[in-house]
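Below you'll find the structure, written out as structure tokens, and then a few comments.
Count residues from 1 along the sequence.
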Amino acid sequence: PKDEILIYFEGRFFDRNLKPTTPTVLEGGERVILAISPEISIKEALRVRIQVKVENLIVSALDERWLKELRRIPHVDQ
């Protein structure tokens with residue numbers, strides 16, 4: 001099974017194709033990689049982590065390439 005990628009950015013979840021999603025729609029990949037902005041607080045990161053109810057979870061920081069793409073999505077701008 002392929003790893004699932006779940007992105008959390010500016011209060012929203014996105015899939016690997018940068019489409020809005022929720023943590024409850026994960027397709028049961030072998031593991032889930034939760035990518036978060038390095039700019040969020042530890043408190044927010046822990047709150048997000050709790051929302052992702054999977055056994056095998058890896059938390060990773062989004063790099064500048066991902067952040068640039070996320071900022072270009074119109075529905076991310078607030």
Checklist entry - What distance do E44 atom CD and Y8 atom OH have between them, rounded to the nearest 0.5 Å? => result 3.5 Å
Checklist entry - So how far is it from Q51 CD to L6 CG, rounded to the nearest 0.5 Å? => result 9.5 Å
Item to check | Point-to-point distance, once rounded to the nearest 0.5 Å, from CG of L34 to CZ of F13 | outcome: 6.5 Å
Checklist entry - Counting heavy atoms not belonging to L46, are there more than 12 under 6.0 Å from its CG? => result yes
Next on the checklist: Tell me the closest heavy-atom pair linking L62 and P38, and the distance in Å.
Outcome noted: O-CD, 3.7 Å
Item to check | F14 side, atom CZ; T21 side, atom OG1 - distance, nearest 0.5 Å | outcome: 10.0 Å
Checklist entry - Are the side chain of N17 and the backbone of K19 linked by a donor-acceptor contact shorter than 3.5 Å? => result no
Next on the checklist: Using only atom types and a distance under 3.5 Å, with no angle test, would you say the side chain of R47 pairs donor to acceptor with the backbone of I50?
Outcome noted: no
Item to check | Separation of I5 CD1 from D15 CG (nearest 0.5 Å) | outcome: 9.5 Å
Next on the checklist: Any non-hydrogen side-chain atom of V32 less than 4.5 Å from a side-chain atom of D3?
Outcome noted: no
Item to check | Worked verdict on E4 versus I33 for side chain to side chain contact (heavy atoms under 4.5 Å, CB included) | outcome: CA-CA 6 Å; E4 294 288 336; I33 299 170; over 6 Å; no
Checklist entry - salt bridge (Lys or Arg N to Asp or Glu O under 4.0 Å) between R16 and E69: does it pass, once the steps are laid out? => result CA-CA 12 Å; R16 69 173 67 236; E69 288 300 314; over 6 Å; no
Item to check | Between CH2 on residue W66 and CD1 on residue I36, distance to nearest 0.5 Å | outcome: 14.5 Å
